[in-house]
Amino acid sequence: MTNDTGNKRVVVAMSGGVDSSVAAALLREQGYEVIGMMMRLWSEPGCESDNRCCTPESMALARRMAAKLGIPFYAIDAQQPFHDTVVTYFMDGYAQGDTPNPCLVCNRHIRWEFLLQRALAAGADYMATGHYARLGQDRAGRFQLLRAVDRAKDQSYVLHVLGQEQLAHALFPLGEFTKPRVREMARRFNLPVAERPDSQDLCFLGEGDYRTFLRRNAPQLENPGPILTRTGEQLGQHQGLAYYTIGQRKGLGIAAPDPLYVLAKDLHRNALIVGPKEQLGQSELLAAGVNWVAGAAPTEVQRLQVKIRYKAVEAWAVVTPLPGSRAHVRFDEPLRDIAPGQAAVFYDGEVCLGGGIILKGDQ
Amino acid sequence: MNPTDHKTYLDYAATTPVDSRVLAAMLPYFIEVFGNPSSVHTFGQQAEAAMEEARERVAAVLNCQSSEVVFTSCGSESDNLALRGAALAARQRRGANHILISPVEHHAVSRTAAQLAQVYGFELETLPVDGTGQVQPAEVERRLRPDTAVVSVMYANNEIGTLNPVAEIGRVCRAHGVPFHTDAVQAASYLPVDVQALNVDLLAIGAHKFYGPKGVGALYVRSGTPLLPAQTGGGQEGGRRAGTSNIPYIVGLAEAFELAQAEAGERSRRIQPLRDRITGQVLEEIPAARLTGHPTERLPNHASFVFEGADGNALLMLLDMAGFACSSGSACKTGDPAPSDVLLALGLAPEWALGSLRVTLGHSTTPQDVERFLQVLPGLVEKARK
């Protein structure tokens, strides 16, 4: 829908932070009809102001940014859907012995489904976010998801869950810029968020980290059990499998001559399997629920770069698409911290091809 | 360019623009006549004269004595002063400890009453209402006790427009010697506010609802009604409400109040048919739609609906983007909507209560505005249902 001046309408998902604010400012400068929206996500009752990002204060800040930019701003209630998809997914993941990444579910179902639907219903042609990523098109005209110019900030990893339908309506104004340049632009646009530090960690965690969140909201996961070596020798007790992550060295509470690392979680025996550095490392993994951004899985086996978590360094691997939306990944070098529940995301140079959730060894 | 330039305002119950005649009346009191009315010198005397002149004009409209008019900062402050002031004074004087209010009062009344119960130990009782939100005088009479400190029932409801039989309720309270307060903040724009005819002891108004400025209100306090002041200090307003008087705004309130009451009949005659057109069309064209509030005993400019399964917040946003400014009982700027107490008190289920829409017309609403609004509304309600 174009408005009277022939401009396309875009909804910017705002958070009150520097990235989404600058994204909105840029789009406005480029002549789009910009509308700001911010979702009210779920937070633990009583902990609304402890949230990492969606506090009443951030909403007031986002609203203020919108007012400075002269764009309308609307708050969208997403508490129930967010809780039912993202938070539940997070807790279920730990209960199953995985290390879940709820941001992926949020992007897939909340940002780019729930919010996108509302943006389109409001007559928008596009939805924009402050994500560091770029769009491209291949020779067949299909939309491509590309890495951001600022490699350190590249967020294509969390966007690997998007498909052609979402990308057709997506805009990522920040993909061409480095973070320092974005902060500079914020100052140029006179946006007072310029000096705010970037938000880290999961947004809905209140006081403390994911462990304290789980203790409060999924107390049944505080389920002590044995810490075992691969050969079954018991070395100590763990507090609950959920509180440990693959590759972890500290916090095991075991006195040993050589450092010990978490190798795996055995749900069946409620045991944490540990071992020395040499035993760490897997060369392959199986991913399920694979999303291919182009809309269909490639027909051949490919040599690609794979990230096994958001902050991981890409590792070269051979990726074999399998039926049932699965993929097999064999790495050139073994990796120490492949954690089931995280996403394995595939890159071909600049292009993010897609990815899937890493399965446990026995699945 | 002003972002509201091509938009149609249909939210007069929320607030109104200042009438240009009112603004003109206020202007001399910012720079030329600026004195503090409490001062001894001529500057003060002049300012005081203006304020007392305004007070007399308000008293004339209310049909009461000047000394019975207290100027405040807004309707909410007037309600606060009435409830808290009357309750605490009644307890002091005669040990009264019981408060009676309707369940559909504005928060300025209900939250003040709640505080009186939770913090000050009063026993708060809520009157029953029927499906239109109306209070029956017999229900009030049934619940009045020797230790009732104050009764509060609003004249006209802001969310659902319903009018209450204030004069009859007042008569009942008077017979039992219990002070009766009515929140007339919405009513004052269109309905007669003769405090003798209404049998009230306390009546609250706020200027910004009747084309006066925001930031000023008034409370009628019948002579002989004990009231414990909330804001103490310099003895202004007969010792009932301290603070240097806001002369230009008080003058504005008086001017706006006079104009509103004088022009109410003509305004109602013009607006009510437009409101009725909206109500008729909505109920005919939009499926699963209900009018909330009393069908006939309601404010003449007020239409309020609930649409089953609709997201009231989303509907307001869609309407705003389409150029129509309305409001909703369940809306929330911060994205945390809850069904309003008023709608729940009417017995509405949440799937209905969350889909509420309030449309209130005003002095510049034209028949063309109404037709354009009716053209887009059905489609947007459908979108808000998904």
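In what follows, chains are A, B, ... by sequence order, proteins preceding strands, each numbered from 1. All of these numbers come straight from a predicted model, not from anything done at the bench.
Screening residues 360-372 of chain B for salt bridge (charged side-chain N to carboxylate O under 4.0 Å, His left out), with sequence neighbours left out, gives Arg277(B)-Glu371(B), Asp369(B)-Arg372(B). Among residue pairs with one or both ends in residues 11-20 of chain B, those qualifying as salt bridge (charged side-chain N to carboxylate O under 4.0 Å, His left out) are Asp11(B)-Arg358(B), Asp19(B)-Arg21(B); sequence neighbours excluded.
Closest approach of Ala121(A) to Lys383(B), counting heavy atoms only: O-NZ, 2.8 Å.
How far CG of Asn313(B) is from CZ of Arg40(A): 11.5 Å, rounded to the nearest 0.5 Å.
More than 12 heavy atoms of other residues, nucleotides or ligands sit less than 6.0 Å from atom CZ of Arg215(A). Atom CD of Gln375(B) has 12 or fewer heavy atoms from other residues, nucleotides or ligands within 6.0 Å.
Residues Lys386(B) and Gln117(A) form no side-chain contact, since every pair of their non-hydrogen atoms from C-beta on lies 4.5 Å or further apart.
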